[in-house]
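The structure appears below as structure tokens.
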Amino acid sequence: MVSASMHHHRSTTKSSNKAFKSRHATKSFLKTQNKGKVDDSNKLRPNHHQQMMSKLDRRNKARQKQSSKHKDLELESKIFKGRDAAPRIVAVVPLCESVSPASAVRSLLKSLDVQAEIPEEGLCTTWIERFKQKIQWIVLPREMLAVIDGCKVADYVMMVIAANQEVDEYGETLIRSIETQGVSTTCTVVQHLGTIEPAKQRSNVKDSLLKYIGHFFPTTNKVHDLESLQEGPNVIRSICASNPKGIHWRDDRTYLLAEEVIFDEDKLVVTGVVRGRGMSADRLIHIQGHGDFQIEKICAYPSAIPSRHNAEAMAVDSTPDPSGLKVLDAPTEDQEDLLELAPEEDVMQDVDDNVSEAPTAMSESRRGVLLDDHHYFDDDLDQINAAYEPPKKLPKGTSKYQQAWYIDGEDYGSEEESDEDEDVDMDEDAPEPRPEDGLEGRAGPSGTEYGTEYGDDAKSEMFLDPSPDQEYAQIQAFRDRQTEADEDREFPDEIELPPNVSAHERLARYRGLKSIRTSKWETSEDRAWQPADWDRLALIQNYKTTKNRIINEARAGGVAPGTRVIIYLRGGTPEMVEAFKPSRPFVLWGLLRHEHKQAVVSVTISMSKDYAGETVKAKDELIFQIGSRRLHVNPIFSAAGGIGPNGITKFERFLTPGMTSIATFVGPVTWGAVPVVVWRRGDDGDRDWTMIGQGSFVDVNRERVIAKRIVLTGHPYKIHKRLVTVRYMFFNTEDVNWFKAIPLFTRRGRSGFIKESLGTHGYFKATFDGKINPQDAVALSLYKRVFPRGSTEFQE
């Protein structure tokens with residue numbers, strides 16, 4: 001066989017024998033085997049979550065966690081237990097025109113044989129004997145403010161929809177507003193399901209409605225039929241037996257749904273049940289549409305019998321009142337005042353004389369634009385007016401002090417200079433650069449290409465100014481060509497100055513920045529334009545730490561939640577009693593410490609996907625709802641994301657769809673990531689509300705600089721390698737010299753600087769880091785600080 005005669009080599013020359021296993025290894029072998037390893041079995045882990053625990057310890061830890069959750073659950077449901085338990089607040093929201101919220105409540109109570117008078121609009125409290133619970137119904141009209149105020153204070157939100165009518169655009173706006181501001185436990189009921197024929201289609205209609213509601217509230221697992229006697233008790237059972245989910249920002253504060261409002265002896269007297277955190281008389285009360293008020297005293301309701309969970313709170317300060325009521329809490333020396341701004345005598349004014357002058361006087365005293373934190377050319381006023389002196393030929397490395405010891409006219413050049421220096425000075429007959437050429441002008445002249453239309457030396461060519469009529473026609477033709485490509489322009493901040501306008505006067509507030517993220521912003525230059533009360537606004541150094549301390553402070557003390565009280569407010573008016581309408585919930589919101597102070601606040605805002613109205617510009621009047629407050633705001637927008645170490649962010653002229661922006665304005669301080677809802681209201685009353693976007697509260701920062709950028713563009717008129725003649729950016733020599741220190745850039749990424757001015761019509765030479773394309777555009781960025789505007793309380 002051929003295969004038998006073939007010779008094979010083994011695959012490897014190494015043999016791997018089975019290792020010897022010894023039961024008793026020597027100490028030296030074990031030491032060698034464990035070399036470099038560290039035995040950390042007896043050491044503690046970095047944190048307690050990584051500690052090695054025994055089975056008994058793990059079981060004990062699980063039992064402690066279970067007990068802690070049980071205590072939290074008991075604490076949440078505490079106010080709903082007992083003889084004087086707080087009622088469960090249920091807001092009934094109609095989403096369709098054909099539904100009746102009052103009829104929906106009557107159908108639910110009828111299924112449990114509960115007799116009660118249900119108004120078409122307003123509050124109504126019923127006792128459910130089967131579940132031993134109170135339910136306070138808020139029957140709401142189909143109006144924006146009434147719905148969002150009722151859902152904001154409710155423990156449960158019951159939405160009523162129709163089986164024979166779709167939810168219209170206004171109803172969908174109501175749903176999105178409720179969802180955005182934060183909502184507690186929700187349930188959905190349907191009316192007019194019996195009108196669907198044939199009866200087989202009713203289950204399909206319910207499934208379709210469930211998918212629709214589930215798009216906004218994914219936790220909804222069923223749509224209940226009000227005409228079914230079996231589903232009605234299930235709805236009431238789910239309300240009475242479950243604990244409400246709550247709203248995080250609302251549960252950190254105290255609030256009260258007013259049941260009775262009267263005006264007595266210059267004081268507003270409000271009756272209701274304390275909810276959320278404990279209510280302290282030292283904190284302020286906010287009423288939407290009316291402002292902030294101080295508490296005179298908090299008294300116990302006469303018919304209230306102390307229960308176990310609030311008896312201790314009542315015993316703290318249960319002094320009798322002349323009116324016969326027990327005072328549960330009274331203000332102390334720590335009561336917060338109603339001052340929105342810091343006192344003027346506490347504000348230190350230290351303004352430089354040059355900064356406090358008018359802008360025209362400031363421009364006269366300066367020789368150049370502000371770049372970062374320095375005014376260029378101010379230190380060289382004497383050198384600018386001095387006669388030109390040719391530079392001395394000195395050895396390389398001679399200091400400025402040593403130059404004074406050399407005699408003029410003598411050549412001190414060293415014969416030992418390197419060949420590299422001789423190669424640089426190839427043209428010894430070329431004129432030496434003058435001081436007005438700038439620092440880059442001291443470099444040797446660059447070679448030119450033979451046969452170009454720019455001549456053998458591009459710097460020595462003669463420049464002639466065009467006539468005024470010819471120049472105006474060229475500018476119009478150039479700008480008309482730019483307007484045709486306006487849709488595809490890459491610089492949205494571009495502006496065009498008229499030829500007869502002085503740029504350094506028109507742009508006196510603008511400055512240059514080498515980097516918007518790292519360059520220092522000199523704030524003293526902005527004092528001439530800052531608002532009058534800017535220094536009196538609240539200044540918070542560490543917002544996050546202060547927020548945690550103030551929220552934790554509100555968790556202790558005050559009148560316990562679930563207590564029915566009578567609150568006396570200072571500064572009330574009889575008109576506030578008239579505002580207590582059955583169709584509009586009247587809610588008292590407790591403010592945390594310092595939430596009455598005015599400050600520069602920032603909130604995130606994202607445009608709603610369904611918004612199809614007019615473009616939202618900066619400083620347009622909008623309606624902001626931030627937690628319990630509703631304000632008229634003219635915000636300014638800036639770029640979202642991380643702010644550089646210099647605290648500068650870029651101003652945005654419009655609110656862009658699909659992007660998140662920061663809206664900044666002067667308003668009251670708010671603690672925590674409170675949800676924000678933004679509307680634009682039309683002229684058609686309560687139905688003309690358009691939801692623009694949503695967001696959340698960010699922080700309070702007066703030192704945050706919002707810089708508005710503008711871009712001046714020019715056209716490369718002549719190009720010779722890296723040397724470019726630029727036109728149409730400026731129209732006089734003074735503007736070129738004023739902005740000479742600002743770095744230039746092109747759309748294709750080249751960077752350069754202004755070298756010198758040409759003629760008297762604003763032409764100048766610029767040097768770049770590489771040869772630019774004739775189709776490219778030369779640009780220059782300028783920035784100025786934009787101060788936010790104030791806000792006012794929302795008035796209908």
Side-chain angles (χ1 to χ4, degrees), residues 16-82 85-86 88 131-133 155-156 182-187 214 217-222 234 237-253 275-278 307-313 542 544-558 560-562 671-673 696:
S16 57
N17 299 324
K18 187 176 181 181
F20 176 73
K21 294 182 179 179
S22 174
R23 290 187 178 182
H24 307 285
T26 60
K27 293 182 180 180
S28 60
F29 176 77
L30 294 177
K31 186 177 181 179
T32 304
Q33 188 178 21
N34 296 326
K35 184 180 296 185
K37 296 181 181 179
V38 180
D39 185 13
D40 59 347
S41 59
N42 297 327
K43 294 184 179 181
L44 296 177
R45 299 297 179 94
N47 53 62
H48 65 279
H49 297 288
Q50 299 179 0
Q51 297 296 331
M52 299 293 294
M53 293 187 300
S54 62
K55 183 177 181 180
L56 182 62
D57 293 339
R58 293 196 302 269
R59 185 177 298 174
N60 185 34
K61 185 177 180 180
R63 190 182 296 111
Q64 291 176 351
K65 188 180 296 185
Q66 182 181 9
S67 176
S68 177
K69 289 184 177 180
H70 181 70
K71 289 181 180 179
D72 293 342
L73 183 62
E74 288 291 333
L75 187 62
E76 292 177 0
S77 60
K78 197 176 184 180
I79 62 174
F80 300 126
K81 295 181 180 180
R88 297 173 183 265
F131 304 109
K132 303 294 190 259
Q133 292 288 325
D155 298 318
Y156 302 88
V183 63
S184 188
T185 307
T186 60
C187 63
F217 306 101
T219 57
T220 304
N221 52 16
K222 188 175 182 180
N234 293 336
R237 181 183 292 107
S238 63
I239 294 175
C240 295
S242 63
N243 288 327
K245 182 180 64 175
I247 305 174
H248 182 70
W249 69 267
R250 183 189 68 180
D251 296 339
D252 287 336
R253 295 161 173 81
R275 306 296 294 270
R277 300 294 181 188
S307 58
R308 290 178 297 175
H309 65 270
N310 57 21
E312 182 180 354
N542 193 331
K544 185 176 180 181
T545 302
T546 309
K547 175 202 69 174
N548 295 334
R549 176 176 56 83
I550 289 179
I551 291 179
N552 292 333
E553 176 189 357
R555 295 180 178 178
W671 302 110
S696 61

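Residues take their numbers from the sequence shown, with the count starting at 1.
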So, the side chain of T32 versus the backbone of S28: is there a donor-acceptor pair under 3.5 Å, distance only? yes

Measuring from T220:OG1 to K222:NZ, what's the distance to the nearest 0.5 Å? 13.0 Å

Name all residues meeting the side chain to side chain donor-acceptor pair (under 3.5 Å) criterion together with D72; count only those two or more places apart in sequence or in a different chain, and write none if there are none. none

Between the side chain of T185 and the main-chain N/O of P244, is any donor-acceptor distance below 3.5 Å? no

Validate the cation-pi geometry between R88 and Y156: distance from NZ or CZ to the six-membered ring centre under 6.0 Å, angle to the ring axis within 45°. no

Out of I247, D251, D252, which residue meets the side chain to side chain contact (heavy atoms under 4.5 Å, CB included) rule with W249? I247

Side-chain heavy atoms of I79 within contact of R275, under 4.5 Å: yes

Where do P561 and G276 come nearest, in terms of heavy atoms and distance? CG-O, 3.0 Å

Any non-hydrogen side-chain atom of K81 less than 4.5 Å from a side-chain atom of E74? yes

Interatomic spacing from NZ in K55 to CG in N60 - rounded to 0.5 Å: 14.0 Å

Quick one, R277 with R253, criterion side chain to side chain contact (heavy atoms under 4.5 Å, CB included). Give me CA distance, side-chain angles, the key distance, then yes/no. CA-CA 5 Å; R277 300 294 181 188; R253 295 161 173 81; 5.7 Å; no

Which heavy atom in G246 sits nearest to a heavy atom in S184, and how many Å separate them? N-OG, 2.9 Å

Nearest 0.5 angstrom please: N243 CG to F80 CZ, how far? 7.5 Å

At what distance, to the nearest 0.5 angstrom, does CZ of F217 lie from OG1 of T186? 5.5 Å

State the OG1-CD distance between T546 and E553, to the nearest 0.5 angstrom. 11.5 Å

Donor-acceptor pair, side chain of S67 and main chain of R63, under 3.5 angstrom: no

